Chemist: 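A single structure is presented below for examination.
Chain letters run A, B, ... following the sequence lines, proteins first, then strands; residues in each count from 1. From a predicted model like this one, the values you see are computed outputs, not experimental measurements. When reading the values below, keep in mind they use all heavy atoms of this one structure, side chains included, and skip hydrogens, waters and symmetry mates.
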Amino acid sequence: TFPGTPKWSKTHLTYRIVNYTPDLPREAVDAAIEKALGVWKEVTPLTFSRMDEGEADIMISFAVGEHGDFYPFDGPGAILAHAYPPGSGIHGDVHFDDDEKWTEKAAGTNLFFVAAHELGHALGLMHSANPEALMYPVYRSFKDLASFRLSQDDVDGIQFLYGSPTTPKNNYVAPTEPVPPRSKTPAKCDPALSFDAVSTLRGEILFFKDRYFWRRSHWSAEPGLHLISSFWPSLPSNLDAAYEVSSKDTVFVFKGNKFWAVRGNEVQAGYPRNIHTLGFPSTIRKIDAAISDKEQKKTYFFVEDKYWRFDEKTQSMERGFPRPIEDDFPGVEPKVDAVLEAFGFLYFFSGSSQYEFDPNAKRVTHIFKTNSWLLC
Amino acid sequence: YPVNGDREEEDSNMDLVQRYLENYYNLTKKVENIYRRRDSSPIDNKIREMQKFLGLEVTGKLDSSTLEMIRKPRCGVPDVGHFT
């Protein structure tokens with residue numbers, strides 16, 4: 001934070017776009033600023049509304065050279081923008097150097113990225129020394145705009161000032177404009193907790209939920225909660241499925257009709273790929289859960305009430321599939337969120353329940369709460 | 001053949017880093033010439049501070065990776081201290 005830790009004393013802030021750059025259509029500027037505010041809105045109780053005239057908390061403008069604050073811009077390159085910490089008058093304001101070539105794309109100087117950074121200052125964050133952080137002072141070009149996520153460092157910083165998003169607001173729906181549900185930090189001991197996906201990774205177990213995952217390792221009794229983006233910045237949140245092929249030291253993660261391969265903390269080149277390259281028919285839009293049998297080198301994909309089997313050796317879907325889940329995994333709920341193999345059992349996660357399935361006896365041996373793995 | 005070419009480039013780089021340290025690392029302007037003439041350690045210390053903050057190898061010297069970082073586009077808000 002800035003010296004003295006200045007922050008807004010209210011959670012609803014106003015902003016005004018005072019003028020526009022000629023580099024972009026007005027709508028593109030509006031969208032970039034709105035998206036940049038959304039980055040911070042998602043992880044705090046803060047809300048924003050736009051003003052078209054008068055003095056807003058955050059006044060956003062484009063300027064060149066000396067522009068009235070004794071911190072002149074310097075032409076193309078070098079300084080891209082600056083912003084002031086929370087407070088009255090010029091404080092909280094954001095200035096962009098209009099000698100830059102502002103773009104909506106990864107090439108050039110992307111307005112959204114710079115705006116998200118500067119708005120971090122306007123909310124009270126100073127520069128971070130963490131090169132992964134949005135608040136790192138040096139501009140980096142991002143290859144994949146869609147995959148942008150705040151780092152844990154940014155989230156920790158802003159939540160130090162304003163706290164986490166509050167539950168009542170998440171459920172609040174304005175009479176005229178619906179507010180999309182936001183991703184709050186999941187509570188591991190919430191009795192209703194469900195997982196998006198579960199996978200092993202080099203002997204650890206990862207439990208994915210929204211933008212986060214719990215990491216249960218041999219080295220720590222307490223599962224640690226991390227942002228997916230802090231390990232794999234280009235991966236999406238709200239995953240559908242994940243599984244490890246330990247012989248390839250690779251975890252495959254699925255969302256929608258795409259999947260990615262990650263090795264350690266590196267997303268492999270050539271991904272994402274389309275799930276239909278695995279042999280699924282075009283009617284399959286997403287995978288619910290997946291697990292790889294390392295002995296037989298087969299991967300099981302669960303989709304609605306059926307499952308498919310993929311041969312890792314021939315890299316092809318096996319004939320005779322899909323089959324109904326209930327035929328071969330009797331007692332398991334047909335809609336599977338995630339599946340994990342441990343201690344010779346398969347653990348099927350479905351909502352807040354977890355079914356321990358003995359593959360030899362072909363029956364469910366226990367039913368637990370989903371979060372039993374998180375020591376709840 | 002420019003006899004003083006290297007020296008001129010060195011001076012220009014030194015000016016660049018001094019401006020950078022003044023703008024972003026709270027290096028005091030009025031004593032800059034004293035630093036340059038008599039004692040370079042305050043500036044070396046500021047270079048170290050900057051290298052540490054930006055995740056560079058901490059040498060206290062104006063090496064190529066430090067110069068490259070200084071030339072990258074960035075936010076105008078200081079890394080250390082405040083707008084003055």
Chemist: Using 0.5 Å steps for rounding, measure from the NZ atom of K72(B) to the CG atom of L80(A).
Modeler: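 Here the rounded value is 12.5 Å.
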Chemist: So for S128(A), is it side chain, backbone, both, or neither that comes closer than 4.5 Å to the heavy atoms of chain B?
Modeler: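 Just the backbone, heavy atoms under 4.5 Å.
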Chemist: Relative to chain B, which segment of E118(A) carries a heavy atom at a distance below 4.5 Å: side chain, backbone, both, or neither?
Modeler: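 When you check distances to chain B, only side chain atoms of E118(A) fall under 4.5 Å.
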Chemist: Testing the basics here: between L54(B) and P137(A), what is the closest heavy-atom pair and its distance to 0.1 Å?
Modeler: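 In this case the closest contact between L54(B) and P137(A) is CD2-CG, 3.7 Å.
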Chemist: Could you go through I79(A) and R74(B), starting from their C-alpha distance and side-chain angles, then the distance that decides it, and tell me whether this counts as side chain to side chain contact (heavy atoms under 4.5 Å, CB included)?
Modeler: CA-CA 5 Å; I79(A) 301 172; R74(B) 58 161 291 151; 5.5 Å; no
Chemist: What distance separates H117(A) NE2 from C75(B) SG, expressed to the nearest 0.5 Å?
Modeler: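 One finds 3.5 Å between NE2 of H117(A) and SG of C75(B).
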Chemist: Is there a side-chain contact between V77(B) and Y71(A) in this structure, where contact means two heavy atoms from C-beta onward sitting under 4.5 Å apart?
Modeler: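 V77(B) vs Y71(A): side chains apart.
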Chemist: Could you tell me which portion of F73(A) (side chain, backbone, both or neither) has an atom closer than 4.5 angstrom to a non-hydrogen atom of chain B?
Modeler: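 No part of F73(A) comes within 4.5 Å of chain B.
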Chemist: Which residue pairs satisfy the salt bridge (Lys or Arg N to Asp or Glu O under 4.0 Å) criterion with at least one member in residues 46-59 of chain B, sequence neighbours excluded?
Modeler: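 Every pair satisfying salt bridge (Lys or Arg N to Asp or Glu O under 4.0 Å) with a residue in residues 46-59 of chain B: K46(B)-E49(B).
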Chemist: Determine whether more than 12 heavy atoms belonging to other residues, nucleotides or ligands lie under 6.0 Å from atom CD of E266(A).
Modeler: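 Atom CD in E266(A) is not crowded, with 12 or fewer foreign heavy atoms closer than 6.0 Å.
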Chemist: Hey, which of P85(A), A81(A), P76(A) has the most heavy atom pairs under 4.5 Å with chain B?
Modeler: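 Highest number of heavy-atom pairs under 4.5 Å: A81(A).
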Chemist: State the NE2-OH distance between H127(A) and Y24(B), to the nearest 0.5 angstrom.
Modeler: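 Rounded to the nearest 0.5 Å, the NE2-OH separation comes to 9.0 Å.
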Chemist: For D79(B) and Y136(A), run side chain to side chain contact (heavy atoms under 4.5 Å, CB included): C-alpha distance rounded to whole Å, both residues' side-chain angles, the deciding distance at 0.1 Å, then the answer.
Modeler: CA-CA 9 Å; D79(B) 299 342; Y136(A) 189 70; over 6 Å; no
